[in-house]
Structures are given as structure tokens and as C-alpha cells.
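Take a look at the structure below.
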2 protein chains.
Amino acid sequence: MRSNQLIKIIIIDDHDLLREGISARLQDVPYVEIIAEGSNGREAVDLCQRLQPDVLLMDISMPVMNGLEAAEIIRETGIKTRILFLSIYDDNEYIQEALRIGANGFVLKDVSKPEMLNAIKSVAQGATYLGPKVAASLQKGADAQTECATNYGLTKREKQVLALIAEGQLNKEIAYRLDISIRTVESHRSAVRDKTGGGNAARLAKIARDLGL
Amino acid sequence: MRSNQLIKIIIIDDHDLLREGISARLQDVPYVEIIAEGSNGREAVDLCQRLQPDVLLMDISMPVMNGLEAAEIIRETGIKTRILFLSIYDDNEYIQEALRIGANGFVLKDVSKPEMLNAIKSVAQGATYLGPKVAASLQKGADAQTECATNYGLTKREKQVLALIAEGQLNKEIAYRLDISIRTVESHRSAVRDKTGGGNAARLAKIARDLGL
DNA sequence: GCGTATATCCGTATTACTACTGAACGCTGT
DNA sequence: ACAGCGTTCAGTAGTAATACGGATATACGC
């Protein structure tokens with residue numbers, strides 16, 4: 001997709017006003033053509049199958065079927081349409097879910113015109129574009145995870161033991177690896193349980209993985 | 001960062017020829033200025049601290065200090081410079097590690113001039129830009145994971161039970177949730193162990209998480 | 001020196017999980 | 001009708017983990 005080729009777009013949003021705004025913005029852009037519009041996810045799926053647009057510009061929260069569900073179905077049908085989400089929320093859950101499904105881009109609704117065009121061109125080429133605030137939100141989430149990894153006040157030894165538990169090692173094996181008694185492993189394990197509030201072995205494994213192994 | 005504002009760039013690559021090629025490409029672009037060049041990660045860190053560029057265009061594999069290490073140090077120092085990686089490899093490990101560190105973009109060295117400018121503009125604005133092949137590679141990795149999730153020949157019920165085990169639920173709780181007997185839960189659990197080769201409960205949790213919960 | 005934290009070890013008792021075998025019921029496809 | 005599979009439940013036995021209790025040694029800061 002060269003920048004001088006026509007990019008065919010479908011716009012999906014349940015608010016008429018917003019669709020009109022987008023249309024107005026893109027009307028005088030020579031390399032972009034809006035070939036259809038719709039107001040829910042079901043229409044998005046139908047229109048993409050019939051018209052095979054280059055880019056699907058879609059909201060997330062919509063009646064009947066939301067954007068994420070629609071995107072998942074479209075991805076499953078194997079249509080090559082690039083999906084660019086346009087949301088009012090920079091919610092981490094949404095963003096990660098969108099990327100997991102295979103979305104090509106994600107921008108917020110306060111996006112400027114040049115940035116919107118930039119995003120459209122990028123995803124049309126097959127690139128992945130995440131708007132500034134979206135990227136910042138994702139990064140913040142990653143930071144929070146990293147920060148969390150230093151918590152619970154676990155000592156070095158306890159972290160070592162926890163990591164081996166998460167691997168699925170038995171106390172016996174952990175004792176052998178760290179060259180300590182099984183009873184000591186049990187003590188550390190008990191301390192980890194107390195500090196993290198985890199009971200079950202599987203729960204400890206979950207906690208360990210949340211903390212980055 | 002408006003598109004008509006000057007974007008100050010530092011280029012880091014250990015191949016002189018490649019740096020010269022990039023310079024030549026960007027020389028006649030009015031809104032981009034190359035303010036420094038370097039040939040390894042150590043120089044990248046120094047130059048970014050002294051000159052505070054808008055964008056750091058950097059290779060990954062380099063002598064002395066590679067790009068990923070340099071990026072991590074730069075991120076830790078809190079410098080606002082956007083980092084755009086330029087690599088010959090679309091290796092999934094590299095890409096994910098780069099994004100984890102907090103890189104703003106990733107393109108391959110076969111990038112066209114308009115796409116390169118698009119990427120530079122995008123990251124300068126604070127967006128995240130992943131080139132077409134990079135995005136494809138990431139998606140391929142995600143698909144592989146999803147495919148793996150359908151393996152081991154687990155039945156629906158077994159997957160349900162495994163998911164709850166991974167949550168750290170006790171057999172008793174799982175039985176209550178699924179409204180079946182504890183013995184049945186034990187049967188399913190046993191079947192899962194047999195099929196996955198997992199022994200320990202913590203190991204089952206690990207397997208479940210590898211399969212995407 | 002003293003208190004605190006960490007790491008190390010032990011005993012006893014209960015609970016949860018693992019290993020093995022067996023069996024009944026419903027559904028699917030031949 | 002029959003075989004195969006998935007789901008359901010049960011018995012019996014052993015092993016691992018959890019929940020209490022207590023103990024010693026070493027290092028570190030005040």
C-alpha cells in the first residue's frame with residue numbers, strides 16, 4: 001500500500017455525530033475513501049466481508065456487538081482488513097485485548113487530524129500504530145507490573161524458593177537444589193504463604209508468575 | 001510535537017555505510033535534523049544524556065553495548081527520548097524485549113523512505129510504531145501461542161478444571177463451582193496430569209498459564 | 001551489647017493431592 | 001446394536017503440603 005494509493009475505509013461507531021465528524025475530516029483527503037459506515041459490531045463484520053476494505057475504523061463500546069467481538073470474528077474469517085480502534089477509553093484491559101485479537105492500531109477519540117491520518121496510513125501499510133496516550137497507558141501498566149514484582153517483602157531466599165515452586169518443583173527437589181533441608185524449604189514456603197496470602201501450591205505459582213517468575 | 005516542528009535525531013549503528021545511507025535519506029527532509037551519530041550502545045547513552053534528542057534511531061546488535069541494553073539504561077535515567085529500533089532481524093524475542101523495555105518503535109532495515117519518515121514522525125509524537133513485517137512477526141508469535149493452547153487433547157471439561165486449578169482453587173472449590181463431586185474433579189485433574197505430563201499442582205498451574213489460562 | 005531480621009532446622013497433626021482400579025450413564029457415529 | 005468417548009462417581013493407599021508449635025546460629029544496625 002503506497003501512500004498515493006487509495007485507502008478504502010469503513011467507519012463503525014454508534015454515535016452519528018462522531019461518524020459525521022470523521023467523515024468531514026477525511027472528505028478532503030485525496031488518498032482516503034470512505035466506502036461504508038455502520039453503527040455496531042454486527043454491521044462491521046457484514047460490511048467487511050462484503051466490501052473488503054483496507055482499514056476498519058471502529059469504536060469499541062457499541063450496542064448489539066462491541067468492537068472487540070467484531071474484530072475477533074473478522075480475524076477468524078481471515079479477511080485482510082486492518083483494524084484501527086478509536087476509543088474514548090485508554091483502559092489497559094481494552095488495549096491489551098485489542099492487540100491480543102490482532103488489531104493493527106489503537107487511538108483515542110481526542111486524536112488530532114494529522115495523527116489520525118498518520119495512524120490510518122500506518123495501519124494501511126500493515127504497521128501497528130498506538131497513539132501517544134495509548135502507548136503511555138500500556139507502559140504504565142508494564143511499570144506497575146514491574147513495581148509489583150518487588151513487593152510482598154519477600155527475602156532473597158524466599159523468592160528463590162517461590163520461583164522453584166512456580167516451576168512445579170517438589171519441596172524435596174527444591175531442598176536438593178538449594179542444598180538445604182526439606183524442613184527449611186517448608187519454613188520458607190510457609191513464610192511466602194503468610195506474606196502473599198496464598199494458600200494452595202497452584203496459587204503460589206500464580207503469584208510467582210504475576211511477579212515475573 | 002507538531003509535524004512542522006524540528007525533530008532532533010541521533011543515529012546509532014556500527015556500520016558506517018548504513019549510517020551514511022540514513023543520513024542521505026534524511027538530509028533533504030526539512031523537519032528532521034540529525035544532531036549526532038554513534039556506533040555502539042555506550043555512545044548512545046552518552047549522546048542521549050548530553051543532547052536530549054527527540055528520537056534515537058538505533059540498531060540492536062552492536063559491539064561494546066547492544067541496543068537493548070542501551071535502551072534499558074536510557075529508560076532508567078528517565079530521559080524522554082523516543083527510541084526507534086532499526087534491526088535486520090524480525091526476531092520475536094528482540095521485538096518483545098524491546099517493547100518490554102519501553103521502546104517506541106521497531107522497523108526493519110528494508111524499510112522504505114516514506115515508511116521510515118512515518119515511523120519517525122509517529123514515535124516523535126509519542127506513538128508506538130511497529131513496521132509491517134515486525135507486526136506480522138509479533139502476530140505470528142501470538143498465533144503460535146494460541147495454537148499451542150488447543151493442544152494436549154484436553155476436553156472442554158478438563159480445560160475448565162485446569163483453568164480453575166491455575167487460579168489456585170482447591171478441588172473442593174472447583175467441585176462447588178462446577179457443581180460436580182470432588183471425585184469427579186479429581187478424575188479430571190488426573191486426566192489433565194496424564195495428558196500434559198504434569199505431576200505437581202504448581203506444574204499444572206504453569207502449564208495452564210503457558211496455554212493462555 | 002542488644003534487638004531485629006534472616007536463615008536454618010525439628011515435631012506433630014491434619015488436610016490436600018496423587019496413583020491406581022473400577023464402573024455407570026449419555027451421546028455419536030457406523 | 002455396538003464401540004468409542006466424555007463425564008460422572010467411588011474405594012483404597014500412599015505421598016505431599018499445610019498449620020500449628022518451638023529451636024539455634026549468624027549478621028546487621030543502633
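Note on naming: letters A, B, ... go to the chains in the order of the sequence lines (proteins, then strands), and numbering restarts at 1 for each one.
Using a 4.0 Å cut-off on heavy atoms, the residues of residues 181-195 of chain A that approach DNA chain D are A:Glu186, A:Arg189, A:Arg193, listed by number.
Following rounding to the nearest Å, A:Lys172 (NZ) and D:dT15 (P) show an atom-to-atom distance of 9 Å. B:Arg203 has its CZ atom 15 Å from the P atom of D:dA16, to the nearest Å.
A 6.0 Å sphere centred on NZ of B:Lys8 holds no more than 12 heavy atoms belonging to other residues, nucleotides or ligands.
Once you apply a 4.0 Å limit to the heavy atoms of chain B, the touched nucleotides of DNA chain C run 5' to 3' over C:dA16 to C:dA19.
Using a 4.5 Å heavy-atom cutoff, the side chains of A:Tyr31 and A:Lys121 are in contact.
In terms of the side chain to side chain donor-acceptor pair (under 3.5 Å) criterion, residue partners of B:Arg189 (sequence neighbours excluded) are, by chain and number, B:Asn171. Shown here are the side chain to side chain donor-acceptor pair (under 3.5 Å) partners of A:Asp194, two or more places apart in sequence or in another chain: there are none. Every side chain to side chain donor-acceptor pair (under 3.5 Å) that A:Asp110 has, sequence neighbours left out, goes to A:Lys133.
The structure places CD1 of A:Ile34 at 4.5 Å from CG of A:Leu26, a figure rounded to the nearest 0.5 Å.
Under 3.5 Å, the side chains of B:Glu43 and B:Asn40 contain a donor-acceptor pair of N or O atoms. For the residue pair A:Gln125 / B:Ser112, no side-chain donor-acceptor distance below 3.5 Å is found, with atom types taken as modelled.
Between the side chain of B:Asn104 and the backbone N or O of B:Thr128, no donor-acceptor pair lies under 3.5 Å.
Take the nearest nucleotide of DNA chain D for B:Arg157 and for A:Asn200: the residue whose nucleotide is more 5' is B:Arg157.
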Item to check | Criterion salt bridge (charged side-chain N to carboxylate O under 4.0 Å, His left out) on B:Arg183 and B:Glu186, from CA distance to verdict | outcome: CA-CA 5 Å; B:Arg183 314 310 299 271; B:Glu186 284 173 351; 3.2 Å; yes
Please list each protein N or O that sits under 3.5 Å from an N or O in nucleotides 27-30 of chain D, with the distance.
none

